[in-house]
Amino acid sequence: MADKPWEGWRLEIYGSVIYDDDDQIFKMWYIGENPDEFPHYATLYATSTDGIRWEKPLVGTVKAASGVPTNAVADGYLLASVIKD
């Protein structure tokens with residue numbers, strides 16, 4: 001559910017979801033659609049202990065155009081995929 005202003009009007013779960021055994025949490029990377037904040041799409045990050053309720057930590061890796069901290073971890077990548085190596 002898009003519940004942050006920088007996520008825009010829809011979310012795309014075109015990214016990756018993994019269960020991280022080391023951290024004992026699910027991790028998800030997804031795309032929001034708010035061209036005012038991220039004109040070239042942003043890859044956003046969320047975590048969950050149960051795979052149902054998700055938190056969106058403000059990691060501060062990529063700031064929105066407005067300058068606010070976000071849960072964006074990359075900007076300018078469409079349909080990013082993530083693996084743990």
Side-chain angles (χ1 to χ4, degrees):
M1 168 192 258
D3 60 0
K4 305 294 184 202
W6 58 84
E7 290 178 317
W9 66 280
R10 74 173 176 168
L11 302 178
E12 296 180 34
I13 312 299
Y14 235 113
S16 302
V17 178
I18 64 169
Y19 182 76
D20 188 326
D21 284 321
D22 295 328
D23 293 338
Q24 296 290 296
I25 59 172
F26 291 93
K27 297 178 179 181
M28 173 173 54
W29 293 265
Y30 64 99
I31 299 169
E33 192 160 326
N34 183 341
D36 294 333
E37 294 288 7
F38 294 104
H40 304 289
Y41 295 95
T43 301
L44 307 169
Y45 175 70
T47 61
S48 174
T49 57
D50 61 9
I52 298 169
R53 291 175 292 278
W54 293 86
E55 301 290 324
K56 300 170 183 177
L58 302 179
V59 293
T61 307
V62 178
K63 289 191 175 157
S66 62
V68 300
T70 69
N71 63 323
V73 294
D75 188 18
Y77 298 94
L78 186 59
L79 310 178
S81 292
V82 177
I83 61 169
K84 183 172 179 174
D85 183 8

Remaining members of the apolar cluster that contains Val59, side-chain heavy atoms under 4.5 Å: Ile18, Trp29, Tyr45, Val73, Val82
Qualifying residue for side-chain contact (heavy atoms from CB on, under 4.5 Å) with Leu44, from Glu7, Met28, Lys56: Glu7
Side-chain donor/acceptor of Asp23 to backbone N/O of Ile25, under 3.5 Å: no
Under 3.5 Å donor-acceptor, Ser16 side chain and Ile83 backbone: no
Gap separating the NZ atom of Lys4 from the CG atom of Leu58, nearest 0.5 angstrom: 6.5 Å
Sequence neighbours excluded - side-chain hydrogen bond (donor to acceptor under 3.5 Å, both in side chains) pairs with any residue from residues 72-85: Asp20-Lys84, Asp22-Lys84
Where [X] and [Y] come nearest, the two heavy atoms and their spacing:
X: Phe26; Y: Gly51; result: CD1-N, 3.4 Å
X: Ala64; Y: Trp6; result: CB-CB, 4.4 Å
X: Ala72; Y: Phe38; result: CB-CZ, 3.8 Å
X: Ser48; Y: Ile52; result: OG-N, 3.5 Å

Worked verdict on Tyr19 versus Lys27 for side-chain contact (heavy atoms from CB on, under 4.5 Å): CA-CA 6 Å; Tyr19 182 76; Lys27 297 178 179 181; over 6 Å; no
For Arg10, all residues meeting side chain to side chain contact (heavy atoms under 4.5 Å, CB included), sequence neighbours excluded: Glu12, Glu33
Results of side chain to side chain contact (heavy atoms under 4.5 Å, CB included) for Glu55 - residues two or more places apart only: Thr47
Pairs where residues 37-47 contributes a residue and the test salt bridge (charged side-chain N to carboxylate O under 4.0 Å, His left out) is met, not counting sequence neighbours: none
Partner residues of Trp54 under the ring-ring contact (aromatic ring centres under 6.0 Å, His included) criterion, sequence neighbours left out: none
